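Data first, discussion second: the structure below is written as structure tokens.
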2 protein chains.
Amino acid sequence: MFSKSCEYGIKATLFIAQKSQWGERVSLKEIAAAIDSPIAFTAKILQVLAKASIVNSTKGLHGGYEIEKECLPKISLKQIVQAIDGNRIFDGCALGLKICNAKEPCPMHSQFVIIRNKLSETLASSNLLNVAMNLNLGLTVLKR
Amino acid sequence: MFSKSCEYGIKATLFIAQKSQWGERVSLKEIAAAIDSPIAFTAKILQVLAKASIVNSTKGLHGGYEIEKECLPKISLKQIVQAIDGNRIFDGCALGLKICNAKEPCPMHSQFVIIRNKLSETLASSNLLNVAMNLNLGLTVLKR
DNA sequence: GTAAAATCGGATAAAAAGGTCTTTATATCT
DNA sequence: AGATATAAAGACCTTTTTATCCGATTTTAC
């Protein structure tokens, strides 16, 4: 479904969001440990997320990553997916056709429009605050 | 969503299904041309589909691939996907967790169960006869 | 100035995608 | 029956993409 980069990106953002609720800033090392990801690879993904202004990064001693508390309810998982994987998953043809639309559809087009719209809505309607709250309550996990 | 192998596999099977309606047997070359796929790679995928008894292959002069007419309504696209990509797409965690279920869910588990079930149902309820008929009518295409 | 932390450019490894060549099977034509 | 042309099967190789790692640089608090 998603690339590995995107999986790590989502998990990393969620961990940062969780800590940012309490105004805590987290380092790369902490993130990688929390989501069980390769540290250097995670760094690269975080750069992308920082450039997309989904997370804020601070260099130097006591630096790290954070998200402004007020932004948490405004950032959706869809934004993360788009920043890392683009939106091929939302608008690309399931059978890989270059041109595939209602006028010239692939054999699965009409069915997949429904599924992709559902996916898009699901991701667009989730926000970091909600998801982070479930993490806090221990109802969901980022590892294992 | 699907691997390239799977995309080609679905398109190849649909093309074979279309021709098999009229009792025609098609060669690798014809298939690759019809679905615009690399010929040698397509051969490999067809081997997998033949081993999974989704298509019948015949060697030698006038050989090629076909599907018994009576089987067309009994074969679903889900079977093709499972034969090539396995069923990670149907039961794997969207965030890549090894363990992810209702008891120990990832933050997106409950939402993704719905999407994956929808995908599974859609693919399971489609059959080669129906899809091939739309191809015949020119309502859908395998190329472009 | 030093240590901690992110950034940046590139190097390496692994997996997916695609290609080549040889072998095997099978109809058809002497 | 044997030779031949055709077509899939199988083993192996190359390219491309994705994933991962490393080292040098920059930034900042103390």
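None of the values given here were measured: they were computed from a predicted structure. Side chains included, hydrogens not; waters and symmetry mates left out as well; all remaining heavy atoms used. Convention: sequence-line order gives letters A, B, ...; per-chain numbering from 1.
Listed candidates were D:dA8, D:dG10, D:dT20. Nearest to the side chain of B:Lys51 is D:dG10. Taking the side chain of A:Ser3 as heavy atoms from C-beta on, and the options C:dT20, D:dA19, D:dC12, the nearest nucleotide is D:dA19. In this structure, the nucleotide among D:dT20, C:dT26, D:dC22 sitting nearest to the side chain of B:Lys59 is C:dT26.
Not one side-chain nitrogen or oxygen of B:Thr58 sits closer than 4.0 Å to the OP1 or OP2 atom of C:dT26. The phosphate of D:dT20 has OP1 or OP2 within less than 4.0 Å of a side-chain N or O from A:Tyr8. Side-chain nitrogen and oxygen atoms of B:Gln47 include at least one within less than 4.0 Å of the OP1 or OP2 phosphate oxygen of D:dG10. Here A:His62 does not reach the OP1 or OP2 of D:dT28: none of its side-chain N or O atoms lies under 4.0 Å away.
Remark: the B:Lys4 side chain and the C:dG18 base include no donor-acceptor N/O pair separated by less than 3.5 Å.
C:dA5 atom C1' lies 14 Å from atom CD1 of A:Ile16, rounded to whole Å. If you take CG of A:Leu28 and C1' of D:dT20, they are 13 Å apart, rounded to a whole angstrom. Rounding to whole angstrom units, CG of residue B:Asp36 and P of C:dG18 are separated by 11 Å. Summarising the geometry, the separation between OH on A:Tyr65 and C1' on D:dT28 is reported as 15 Å, rounded to the nearest angstrom. The separation between B:Lys44 atom NZ and C:dA17 atom C1' is 9 Å, rounded to whole Å. Protein atom CD1 of A:Ile39 is 14 Å distant from nucleotide atom P of D:dG23, rounded to whole Å. Atom pair B:Ile45:CD1 and C:dA16:C1' shows a separation of 11 Å (rounding to whole Å applied). Spacing between atom CD of B:Glu66 and atom C1' of D:dA8 amounts to 13 Å, rounded to whole angstrom units.
Along DNA chain C, the nucleotide nearest to A:Ala43 and the one nearest to A:Leu61 differ in position, and the one closer to the 5' end is contacted by A:Leu61. Nearest-nucleotide assignment on DNA chain D puts the 5′-proximal partner with A:Ala40, out of A:Ala40 and A:Gly60.
A cation-pi arrangement is not found for A:Lys143 relative to A:Phe15, the charged atom failing to lie both closer than 6.0 Å to the ring centre and inside a 45° cone about the ring normal. A cation-pi arrangement is found for A:Lys4 relative to A:Tyr8, the charged atom lying closer than 6.0 Å to the ring centre and inside a 45° cone about the ring normal.
Under a 3.5 Å cut-off, the side chain of B:Arg116 and the backbone N or O of B:Phe90 do form a donor-acceptor pair.
Residue B:Val141 comes nearest to A:Leu97 through the heavy atom pair O-CD1, 3.8 Å, listed as atom of the first residue, atom of the second, then distance. The two residues B:His62 and B:Arg25 come nearest to each other via the heavy atoms O-NH1, 3.0 Å.
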